[in-house]
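The structure under discussion appears below in the form of structure tokens.
All values reported here derive from a predicted model rather than from experimental measurement. So that the names make sense, note that chain A is the first sequence line, chain B the second, and so on, each numbered from 1.
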Amino acid sequence: MPELPEVETVKRSLEEKIKGKVVQGMEFLVPQVIKRPTPEEFREAFQGEVFQGMGRRGKYLLFYLHSGKILVSHLRMTGQLIYCSPETPQEKHLCLIFSLLDQATGETNHLRYLDIRRFGCFYLLNPGETLPGLEKLGPEPLGVDFTLDYLRKVLTNKKGKIKALLLDQELIAGIGNIYADETLFRAGIMPDKPGNALTEAEIIRLYQVIPQVLQESIDKRGTTISDYLDSEGKKGDFQNYLQIYSRAGEACMNCGNVIQKTKIGGRSSCFCPQCQK
DNA sequence: AATCGTTCCTGATAGC
DNA sequence: TGCTATCAGGAACGAT
């Protein structure tokens with residue numbers, strides 16, 4: 001499932017490929033992934049548009065267009081953005097095709113959106129327009145706004161379970177189930193501990209470990225558990241470095257005890273009862 | 001205000 | 001073999 005490192009990897013693997021390309025046409029095989037405006041208006045608005053560059057905010061991908069409009073994409077669980085030749089056979093779960101023209105060479109390529117579960121979504125925003133989910137995002141955990149003071153303030157304030165707090169995009173942007181489990185294991189904190197029960201030492205450890213895990217995963221080009229691929233169709237590598245996520249029943253690599261699994265906020269959560277307090 | 005359950009959706013897997 | 005049930009889960013939404 002794409003979280004911050006996976007979305008960042010898609011951005012990095014796609015940006016140079018689409019920069020300067022002209023949108024020649026589009027096909028909507030599963031129009032329901034286009035949330036705003038209507039698919040018809042979406043197609044109309046894209047006439048003659050040029051991709052200028054890309055950005056990322058939390059788990060959202062941003063495509064900056066020549067007109068000043070922004071195409072926003074969220075991959076949710078199983079979304080994939082693939083850059084390929086128009087000759088590539090149509091994939092089973094193909095939802096959208098953008099045909100992109102390179103004016104220098106006259107070549108056309110496809111930017112395709114695939115999504116097995118169809119949870120992903122696209123929005124086309126006019127200049128100055130925003131989305132509730134995007135606007136309310138908390139600070140980027142790899143950015144300067146994510147400070148120890150911020151984390152301390154936001155946690156000591158909350159009675160909810162720390163795992164649920166880490167998944168709350170309004171508190172910190174971009175952490176999903178994989179990296180929530182990984183950070184809590186590395187910080188030695190039980191996932192069901194209330195936010196306001198964390199000690200100062202635990203908050204400091206968490207503050208150090210969050211950017212560390214995310215950056216390590218970006219360096220390994222993300223985690224591929226089942227579906228995630230980058231824009232070249234390549235798997236990530238960080239699944240080989242996971243210490244706790246999806247390892248219930250296995251031995252903890254730190255103490256050797258059996259890794260446990262529980263549900264927190266409706267999400268499966270793996271933890272080591274020995275190493276996490 | 002905060003927290004909970006439900007919804008969207010398909011595929012892998014378990015159990016009979 | 002072939003059926004049904006369960007699970008995977010991000011975020012919007014409604015209910016409490």
Side-chain angles (χ1 to χ4, degrees), chain A residues 1-10 28-36 39 56-62 72-81 90-96 113-123 125 130-138 140-141 153-184 191-197 214 217 222-229 235-236 239 242 244-250 259-271:
Chain A
M1 69 218 83
E3 305 179 24
L4 188 154
E6 291 74 36
V7 178
E8 179 65 23
T9 304
V10 171
F28 305 149
L29 295 95
V30 181
Q32 75 206 60
V33 300
I34 298 171
K35 304 297 179 188
R36 205 169 86 198
R56 180 192 57 74
R57 184 73 176 91
K59 304 175 197 170
Y60 288 87
L61 269 176
L62 310 173
V72 180
S73 166
H74 197 301
L75 307 174
R76 294 288 174 92
M77 303 302 302
T78 54
Q80 297 173 10
L81 280 160
Q90 285 207 356
E91 298 85 350
K92 185 173 178 191
H93 300 290
L94 187 58
C95 298
L96 306 177
Y113 181 69
L114 284 59
D115 197 338
I116 297 170
R117 281 175 237 181
R118 304 178 180 189
F119 284 0
C121 46
F122 285 79
Y123 301 86
L125 304 183
T130 185
L131 281 177
L134 197 53
E135 197 175 31
K136 288 191 203 156
L137 284 177
E140 285 291 325
K153 196 179 110 209
V154 90
L155 292 185
T156 51
N157 206 349
K158 300 277 190 299
K159 293 180 212 154
K161 294 168 178 170
I162 182 63
K163 166 81 184 262
L165 298 176
L166 289 178
L167 292 174
D168 185 343
Q169 303 300 298
E170 294 184 27
L171 300 186
I172 306 170
I175 298 176
N177 209 29
I178 298 173
Y179 301 103
D181 277 7
E182 291 298 311
T183 51
L184 288 173
D192 66 352
K193 192 160 190 172
N196 60 8
L214 295 173
S217 182
T223 301
T224 299
I225 294 287
S226 55
D227 305 297
Y228 165 73
L229 301 172
K235 291 182 179 184
Q239 65 278 10
L242 295 175
I244 197 86
Y245 178 82
S246 84
R247 299 194 56 214
E250 295 179 31
I259 294 171
Q260 304 294 311
K261 186 158 96 166
T262 183
K263 276 234 188 257
I264 294 172
R267 305 283 173 265
S268 70
S269 304
C270 297
F271 65 98

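- In this entry the distance linking CZ of A/Arg57 with P of C/dG10 reads 18 Å, nearest Å.
- Rounded to an integer number of Å, the gap from A/Ile175 CD1 to C/dG10 P is 12 Å.
- Checked options A/Tyr60, A/Phe122, A/Tyr123; the residue passing with A/His74 is A/Tyr60 (criterion: ring pair (Phe, Tyr, Trp, His ring centres under 6.0 Å)).
- Counting heavy atoms from C-beta on, the side chains of A/Val30 and A/Asp115 never come closer than 4.5 Å.
- Judged by ring centres under 5.5 Å apart and planes tilted less than 30 degrees, A/Phe119 stacks against the six-membered base ring of C/dG10.
- In terms of phosphate contacts, A/Gln169 brings no side-chain nitrogen or oxygen within less than 4.0 Å of OP1 or OP2 of C/dG10.
- Residue side chain A/Arg117 reaches the base of C/dA8 through a donor-acceptor N/O pair under 3.5 Å, judged by distance alone.
- In this structure, A/Ile244 CD1 and A/Lys261 NZ are separated by 12.5 Å, a value rounded to the nearest 0.5 Å.
- At whole-Å resolution of the value, CD1 in A/Ile172 and P in C/dA11 are 13 Å apart.
- Counting any heavy atom pair closer than 4.0 Å across all strands shown, A/Lys261 reaches sugar-phosphate atoms only and no base atom.
- A/Gly160 comes within contact range of the sugar-phosphate backbone alone, with a heavy-atom separation under 4.0 Å but no base atom that close.
- In terms of position on DNA chain B, the residue among A/Asn157 and A/Gly266 whose nearest nucleotide sits closer to the 5' end is A/Asn157.
- Regarding A/Phe122, its CZ atom lies at a distance of 16 Å from the P atom of C/dA12, rounded to whole Å.
- Between the C1' atom of C/dG10 and the CG atom of A/Leu4 lies a distance of 14 Å, rounded to the nearest Å.
- For the pair A/Lys235/A/Leu229, a side-chain contact is recorded, criterion being any heavy-atom separation below 4.5 Å from C-beta on.
- Protein chain A contacts DNA chain B from B/dT3 to B/dG11, reading 5' to 3' and using non-hydrogen atoms of the protein with a distance under 4.0 Å.
- Within 6.0 Å of NZ in A/Lys193 there are more than 12 heavy atoms belonging to other residues, nucleotides or ligands.
- Each of A/Tyr123 and A/Ser269 lies near DNA chain C, and the nucleotide nearest A/Ser269 is the one positioned closer to the 5' end.
- Straight-line distance from the OH atom of A/Tyr60 to the P atom of C/dA11: 6 Å, rounded to whole Å.
- Between A/Lys159 and A/Asn196, the shortest heavy-atom contact is CG-ND2, 3.4 Å.
- For the pair A/Leu167 CG and C/dA12 P, the computed distance is 14 Å after rounding to whole Å.
- Between the CD1 atom of A/Ile116 and the C1' atom of C/dG9 there is a distance of 13 Å, given to the nearest Å.
- A salt bridge is defined here as a Lys NZ or Arg NE, NH1 or NH2 lying under 4.0 Å from an Asp or Glu carboxylate O, and A/Lys59 with A/Glu3 fails to meet this definition.
- Nearer to the 5' terminus of DNA chain C, by closest-nucleotide assignment, is the contact made by A/Met77 (compared with the other of A/Met77 and A/Leu134).
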